[in-house]
Amino acid sequence: MRKNNYLAINIGICLFLLLPTIGCWSRHELNTLAVVIGMGLDKIEETGKIQVTAQIFNPGEKKSTAKNKGDGGSSQSFWNLKNSGDNLLEVIQGLSHKSNRKIYLADNQVIIFSNAIAKEGVQKYIDFFARNNETRMNVWVLVAKNQASQVLAVSPELESTSAVQIAQLVDAQSATSEASRVNLEKFISRLMSKTDAAIAPIIEVTGEGDDKSLSVSGTAVFKKDKLVGQLNRTETRGLLWVLDEIKNGVIVVDSPSGDGKVSLLITRSKSKITPLIMDEDIRFKIGIKEEGNIGYQSSQENLIKPTIIEELEKEQAAVIESEVIAALEKAKKLNVDIFCFGDLIHQQYPDEWLALKDRWDEVFPTIDLEFAIQAKLRRTGRIGSLAVPEKE
C-alpha cells in the first residue's frame, strides 16, 4: 500500500510539472513570422489569374518616412508582398516563397476585394477565409472602387500601416452613420442566406501623387455573391436606420423661418421592423425613435421656442423617412433584399413564408412600408439663442 502511495505521489508531481508547458505546444515566435495585417485580392486582366497583396508589418521601421513607398521600400513600416496564380490557397501558400518568414494571418485587419473580383463573384474566395483556422471572423470586409492593391499601397498619414488606417477608418464611420461596417462573420451570414443580400463598404483612393488618401464612399451591394450595384451615403444611412445601426450623425434641415439651415446631431436611435401580411398585401412597419441636439444654425432665428423645436422635430422625422425610402427604392431597382425582410417574414410568418421563399425576387419589389418615426430634440448646446444681438 505504501509503495502504491509513493508511486501515485510521483505521478502527481510529474503531471504538476508538465502543466506550465501545456499551452506552449502551438506557440509562434514573433521573429519567425510574417504578420499579415491587410490582404487585397485583384484580378489580372491579361491572364485572368488572382493576385494577392499581403501587407506585412515591419516592426523594425518607423512611421516617419516618405509617403507612397507602400510597395516595399526598405524604409517603410510595412511590406506589400504580392503573388499570383489560379488558386487562392496556392497563391497565399506561395507567398512563403518570397518571404523568409511564415505567413501568419491571425492579426489580419482587413480583407479587400477589387471591383473586378466582386463583380465576378466572391464565394470561392471567401471559402478560404472561412475555413482557415487563423482567420478571425471580426476582420473587416471591404470592396475597392478599383484595385485592392492600389488601396493598400497608399501610405497612411497617422498610422504606421495603411491596413490599420483602413480598419480604423471603418470603425470611425459610426460618427456619421453614412457607411456600413461589415465583418467577415456578418458578410458570410448574408452570403449563406437565401434571401438577404450581402453588403460591404466601398473604399477608394482619392487625390494624386503625394496627396493620395483613402475614403469610404458608399456601400457595395451583392446579389448572391456578385456585386450588382452600390448605395450612396444617403441611401446607406437609410439602410442603417432600418437595420438599427445608427450611432451618430448629422441631419440638416431648413430653418422654420426659411432663412438658412439647422444642423441636428443624432445622439440616440432605436429601430424596430414589424412585418404585416394581409392576404396578398405585404408591408413592413418601420418604427424609429431618434433623439438629437441642435448642433449648428446658419439662420438668425431663435430656435429655443417650443413651437420652433416641434417644427424642427417634424422636419427631422421627414428627413429620416426620406432616407429610408431612398434606400428602399435603390434596393427595389437592384432587386436585392438588403434589409433582411425575408428573414423577418420567415421568423414571424413561417407558414406564409413557405409560399413566398421561392419567389421572393418577384415579391420583394412589390412590398410597401409604413412609418412610425418619433424624433426628439433634447438639448440646444451651450447656448440657447443665437450669439448675435437680439432684434428689436
- [ ] Answer yes or no: is there a donor N or O on one side and an acceptor on the other, between the side chain of Ser215 and the main chain of Ser217, under 3.5 Å?
- [x] no

Open item on the list: If you count heavy atoms of other groups shown closer than 6.0 angstrom to NZ of Lys332, is the number above 12?
Closed with: yes

Task: Partners meeting side chain to side chain donor-acceptor pair (under 3.5 Å) with Asn146 (sequence neighbours left out) - done: none

Task: Ala200 to Ser180 - nearest heavy-atom pair and separation - done: C-OG, 3.6 Å

TODO: Let me see the working for Gln55 and Leu152 under side-chain contact (heavy atoms from CB on, under 4.5 Å), right down to the final yes or no.
DONE: CA-CA 7 Å; Gln55 185 164 108; Leu152 289 172; 3.9 Å; yes

TODO: Determine whether Leu169 and Trp140 make a side-chain contact, defined as any pair of heavy atoms from C-beta on separated by less than 4.5 Å.
DONE: no

Open item on the list: Is there a path of hydrophobic side-chain contacts, each under 4.5 Å between heavy atoms of I/L/V/M/F/W/Y residues, joining Leu89 to Leu105?
Closed with: yes

- [ ] Check step by step if side-chain contact (heavy atoms from CB on, under 4.5 Å) holds for Gln51 and Ser149.
- [x] CA-CA 9 Å; Gln51 177 180 273; Ser149 59; 4.1 Å; yes

TODO: Apply the test side-chain contact (heavy atoms from CB on, under 4.5 Å) to residues Ile266 and Ile251: give CA-CA distance (whole Å), side-chain angles for both, the deciding distance (0.1 Å), then the verdict.
DONE: CA-CA 7 Å; Ile266 303 168; Ile251 295 176; 3.9 Å; yes

TODO: Group every Ile, Leu, Val, Met, Phe, Trp and Tyr by side-chain heavy-atom contacts under 4.5 Å, then state whether Val250 and Ile288 land in the same group.
DONE: no

Open item on the list: Are more than 12 heavy atoms, taken from residues, nucleotides or ligands other than Lys186, located less than 6.0 Å from that residue's NZ atom?
Closed with: yes

Task: Test item: Lys247 side-chain N/O and Ala175 main-chain N/O as donor-acceptor pair under 3.5 Å - done: no

Task: Heavy-atom donor-acceptor pair, Ser177 side chain to Asn248 backbone, under 3.5 Å - done: yes

Task: Side-chain heavy-atom pair Ile202, Gln230 within 4.5 angstrom cut-off - done: yes

Open item on the list: Just checking Phe222 against Phe187, ring centres under 6.0 Å apart?
Closed with: yes

Task: Short N-O contact, Lys102 and Glu134, less than 4.0 angstrom - done: yes

- [ ] Would you give the length of the straight line joining atom CG of Leu41 to atom CZ of Phe129, rounded to the nearest 0.5 angstrom?
- [x] 5.0 Å

Task: side-chain contact (heavy atoms from CB on, under 4.5 Å) against Lys357, all qualifying residues, sequence neighbours excluded - done: Trp353, Leu354

Task: Beyond-backbone contact of Phe339 with Leu328, side-chain heavy atoms, under 4.5 angstrom - done: yes

- [ ] To the nearest 0.5 Å, tell me how far Lys289 NZ sits from Ile320 CD1.
- [x] 13.5 Å

Show which side-chain atoms of residues 273-281 pair as donor or acceptor with protein atoms under 3.5 Å away, not counting sequence neighbours.
residue : atom : partner : partner atom : Å
Asp281  : OD2  : Arg283  : NE           : 2.9
Asp281  : OD2  : Arg283  : NH2          : 3.4

Open item on the list: Donor-acceptor pair, distance only, cut-off 3.5 Å: does the side chain of Arg379 make one with the backbone of Asn293?
Closed with: no

Open item on the list: In this structure, would Val319 and Leu265 fall into the same cluster of hydrophobic residues linked by side-chain contacts under 4.5 Å?
Closed with: no

Task: Residues Lys330, Glu235: salt bridge by 4.0 Å N-O rule - done: yes

TODO: Look at the side-chain heavy atoms of Ile, Leu, Val, Met, Phe, Trp and Tyr, link any pair under 4.5 Å apart, and say whether Tyr296 and Leu303 land in one connected group.
DONE: no

- [ ] Quick one: pull up CG in Leu81 and OG in Ser99 and give me the separation to the nearest 0.5 Å.
- [x] 6.0 Å

TODO: Test Trp241 against Glu323 for side-chain hydrogen bond (donor to acceptor under 3.5 Å, both in side chains), laying out the working first.
DONE: CA-CA 8 Å; Trp241 284 116; Glu323 291 179 349; 2.8 Å; yes

Task: Residue list, side-chain contact (heavy atoms from CB on, under 4.5 Å) with Lys224, at least two apart or on another chain - done: none

Open item on the list: Would you say CD of Gln168 has more than 12 non-hydrogen atoms from neighbouring residues, nucleotides or ligands within 6.0 angstrom?
Closed with: yes

Task: Flag, side chain of Arg190 to backbone of Ile338, donor-acceptor distance under 3.5 Å - done: yes

- [ ] Please tell me if the side chains of Ile345 and Ile282 come closer than 4.5 Å, counting only heavy atoms from C-beta onward.
- [x] yes

TODO: Return yes if some donor-acceptor pair links the side-chain N/O of Asn335 with the main-chain N/O of Asp361 below 3.5 Å, else return no.
DONE: yes

Task: Check ion pair Glu291-Lys376 (N to O, under 4.0 angstrom) - done: no

Task: Leu231 CG to Glu178 CD distance, which is reported to the nearest 0.5 Å - done: 12.5 Å

- [ ] Before giving the answer on side-chain contact (heavy atoms from CB on, under 4.5 Å), spell out for Val139 and Asn183 the whole-Å C-alpha distance, their side-chain angles and the decisive distance to 0.1 Å.
- [x] CA-CA 5 Å; Val139 60; Asn183 60 29; over 6 Å; no

TODO: For Ala54 and Leu95, work out which heavy atoms get closest and say how close.
DONE: CB-CD1, 3.8 Å

Task: Atom pair CD1/CG of Ile50 and Asn87 - distance to nearest 0.5 Å - done: 6.5 Å

- [ ] From the options Lys270, Lys272, Arg268, select the one residue that forms a salt bridge (charged side-chain N to carboxylate O under 4.0 Å, His left out) with Asp244.
- [x] Lys270

Task: Donor-acceptor contact present, side-chain Asp337 to main-chain Gly342, <3.5 Å - done: yes

Open item on the list: Can you tell me how the ring of Phe364 sits relative to the ring of Trp360, calling it parallel under 30°, perpendicular over 60° and tilted otherwise?
Closed with: tilted

Task: CA sep, side-chain torsions, deciding dist, call: Gln316, Glu290, side-chain hydrogen bond (donor to acceptor under 3.5 Å, both in side chains) - done: CA-CA 9 Å; Gln316 195 173 14; Glu290 183 270 347; 2.9 Å; yes

Open item on the list: I want to check something: taking the side chain as every heavy atom from C-beta on, are Ile246 and Arg237 in contact at a cut-off of under 4.5 Å?
Closed with: yes

Open item on the list: Just so I know, are the side chains of Leu142 and Ile111 near enough to count as touching, which here means a heavy-atom distance under 4.5 Å?
Closed with: no

Open item on the list: I'd like to know if the side chain of Asp107 and the backbone of Val35 have a donor-acceptor N/O pair within less than 3.5 Å.
Closed with: no

- [ ] Side-chain contact test, heavy atoms from C-beta onward, threshold under 4.5 Å: evaluate it for Ile308 versus Asn302 and give yes or no.
- [x] no

Task: Glu315 side-chain N/O to Asp254 backbone N/O, donor-acceptor pair under 3.5 Å - done: yes

Task: Pairing residues for Met192 by the side-chain contact (heavy atoms from CB on, under 4.5 Å) criterion, not counting sequence neighbours - done: Ile188

Open item on the list: Donor-acceptor pair, distance only, cut-off 3.5 Å: does the side chain of Ser77 make one with the backbone of Ser160?
Closed with: yes

Open item on the list: Are the side chains of Gln165 and Glu157 in contact, using a 4.5 Å heavy-atom criterion?
Closed with: yes

- [ ] Output the distance between atom CD1 (Ile286) and atom OG (Ser271), rounded to the nearest 0.5 Å.
- [x] 8.0 Å

Open item on the list: Is there a continuous path of hydrophobic side-chain contacts, each under 4.5 Å between heavy atoms, that joins Val52 to Ile126?
Closed with: yes

Open item on the list: Does anything in residues 114-125 form a salt bridge (Lys or Arg N to Asp or Glu O under 4.0 Å)? List the pairs, not counting sequence neighbours.
Closed with: Lys43-Glu120, Glu120-Lys124

TODO: Please name the residue in the list Phe341, Phe371, Tyr349 that meets the ring pair (Phe, Tyr, Trp, His ring centres under 6.0 Å) test with Phe284.
DONE: Phe341

